[in-house]
Amino acid sequence: QVNSLKELAKKIPGLFSKDLEEGLVENVYDAAVHSLKDMPTTLPDKLVLAAITEREDPRDALIVRAEHKGKGGLRGLPKGAVIGTSSVRREAF
């Protein structure tokens with residue numbers, strides 16, 4: 001049987017964001033950009049929802065490690081910061 005991504009996401013919370021969250025907590029990434037609709041309702045203790053962009057699609061969200069909170073979003077990240085995403089359309093960012 002083949003499950004749709006929507007069905008899998010309902011069965012497995014964090015399906016699309018777990019790798020990003022782990023990378024942030026383990027200092028692999030400084031920030032992650034991900035669609036808010038795919039985010040779990042709670043984040044690990046060391047992570048915060050830092051921004052929701054004003055764009056055509058307001059469901060995009062920026063999640064950063066707590067030490068980056070309130071530092072100006074993407075522009076406030078340190079030079080050379082690594083940003084993770086699971087979205088193919090955002091890979092060129």
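Every value quoted in this text rests on a predicted model; they were computed, and no experiment measured them.
Residue V25 comes nearest to P44 through the heavy atom pair CG2-CB, 4.4 Å, listed as atom of the first residue, atom of the second, then distance. When all heavy atoms of L62 and A31 are compared, the pair lying nearest together is CD1-CB, 3.9 Å. Taking every heavy atom of both residues into account, A81 and D30 meet most closely at CA-OD2, 3.1 Å. Among all heavy-atom pairs drawn from L49 and I63, the shortest one is CD1-CG1, 4.1 Å. Considering all non-hydrogen atoms of both residues, I83 and A32 come closest at CG2-CA, 4.3 Å.
The NZ atom of K46 lies 8.0 Å from the CG atom of N27; values are rounded to the nearest 0.5 Å. Distance CD/E22 to CG/L47: 10.5 Å, rounded to 0.5 Å.
Applying the 6.0 Å contact sphere to CG of D45 captures no more than 12 heavy atoms from other residues, nucleotides or ligands.
Judged by distance alone, with hydrogens and angles left aside, the side-chain atoms of R65 form a donor-acceptor pair with the main-chain N or O of Y29 at under 3.5 Å.
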